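Notes for the one structure printed next.
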Amino acid sequence: QVQLVESGGGSVQDGGSLRLSCAASGRTISFYAMGWFRQAPGKEREFVADISRSSGSISYADSVKGRFTISRNNAQNTVYLQMNSLKPEDTAIYYCAAGRVTASGPRQYDYWGQGTQVTVSS
């Protein structure tokens, strides 16, 4: 099993940037595809980005394409989400997840972190 812990969330103004980190323990993330999801109050959890085990395949939700960048460092057992040009609609709890394959559906992921809050004010 793998344990995931997100960090780097916080409050920023419209147009600001944040870098989220997801630190893994228990097993190397090189075995897993990794994803970032988010959930706003009253809404379902939605896909943000995913990255394959070797970083050869990366996908983004249309809403974040061109503004967010997912990356991973298997040697450091960490996945990142660089978020630029943040908008108020990006406000949510952000979760990282590990699974066997990249996918936009949360059910495809086996392990989840506890989430980190991102708040963007106008």
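These numbers were taken from a predicted model, which means no experiment stands behind them. Just so you know, residue 1 is the first one in the sequence shown, and it goes up from there.
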#### Entry: Nearest heavy-atom neighbours spanning L4 and A24
CD2-CB, 3.7 Å
### Message
To check you understand the geometry: which heavy-atom pair defines the closest contact between M34 and R72, and what is its length?
### Response
CG-NH1, 3.6 Å
### Task
Following the transitive rule for hydrophobic clusters with a side-chain heavy-atom cut-off under 4.5 Å over Ile, Leu, Val, Met, Phe, Trp and Tyr, establish whether I70 and V64 coincide in one cluster.
yes
#### Entry: Candidate pair L20 and M83, rule side-chain contact (heavy atoms from CB on, under 4.5 Å), full reasoning
CA-CA 8 Å; L20 305 184; M83 306 186 296; 3.7 Å; yes
### Message
Return the OG to CG distance between S55 and N74, rounded to the nearest 0.5 Å.
### Response
6.5 Å
### Query
Quick one: do Y94 and Y109 end up in the same hydrophobic cluster if we chain Ile, Leu, Val, Met, Phe, Trp and Tyr together by side-chain heavy atoms under 4.5 Å apart?
no
#### Entry: From CG (N73) to OG (S30), nearest 0.5 Å
11.0 Å
### Task
Give the C-alpha distance, both sets of side-chain angles, the deciding distance and a yes or no for ring-ring contact (aromatic ring centres under 6.0 Å, His included) between F68 and W36.
CA-CA 11 Å; F68 291 11; W36 284 97; 9.9 Å; no
### Task
Could you tell me which non-hydrogen atom of Q39 sits nearest to which non-hydrogen atom of K43, and how far apart they are?
NE2-O, 3.1 Å
### Query
For the side chain to side chain contact (heavy atoms under 4.5 Å, CB included) test, which of D50, T102, I51 pairs with I58?
I51
### Task
Examine distances only and state if a side-chain atom of R100 and a backbone atom of D110 form a donor-acceptor pair shorter than 3.5 Å.
no
#### Entry: V5 side chain near Q114 side chain, heavy-atom distance below 4.5 Å
yes
### Message
Quick check: closest heavy atoms across Q82 and N84, and the distance to 0.1 Å?
### Response
NE2-OD1, 2.9 Å
### Message
Does R38 qualify as a cation-pi partner of Y95, given the criterion of NZ or CZ under 6.0 Å from the six-membered ring centre and within 45 degrees of its axis?
### Response
no
### Task
With the side chain counted from C-beta on, respond yes when T91 and V118 share a heavy-atom pair under 4.5 Å apart, and no when they do not.
no
### Task
Please examine the side chains of E46 and F37, heavy atoms only from C-beta on, and report whether any two atoms are closer than 4.5 Å.
no
### Message
Between Y60 and F47, is the ring centroid distance below 6.0 Å?
### Response
no
### Message
Can a side-chain donor-acceptor contact be found between R27 and Y32 if the only test is distance below 3.5 angstrom?
### Response
yes
### Query
Is the backbone N or O of S85 less than 3.5 Å from a side-chain atom of R67, with the two atoms forming a donor-acceptor pair by type?
yes
### Message
I'd like to know if K65 pairs up with D62 as an ion pair, taking the criterion as any Lys NZ or Arg NE/NH1/NH2 lying under 4.0 Å from an Asp or Glu carboxylate oxygen.
### Response
yes
### Query
Taking the side chain from T116 and the backbone from G9, do they hold a donor-acceptor pair closer than 3.5 Å?
yes
### Task
Compute whether any side-chain donor of one residue and acceptor of the other, for D14 and S122, lie under 3.5 angstrom apart.
no
### Query
Above 12 or not: heavy atoms from other molecules or residues under 6.0 Å from CZ of R45?
yes
### Query
Has the side chain of N77 got a donor or acceptor atom that lies under 3.5 Å from a matching backbone atom of I29?
yes
### T69 and L81, any side-chain heavy atoms less than 4.5 Å apart
no
### Query
Would you say E6's side chain and C96's backbone share a donor-acceptor pair under 3.5 angstrom?
yes
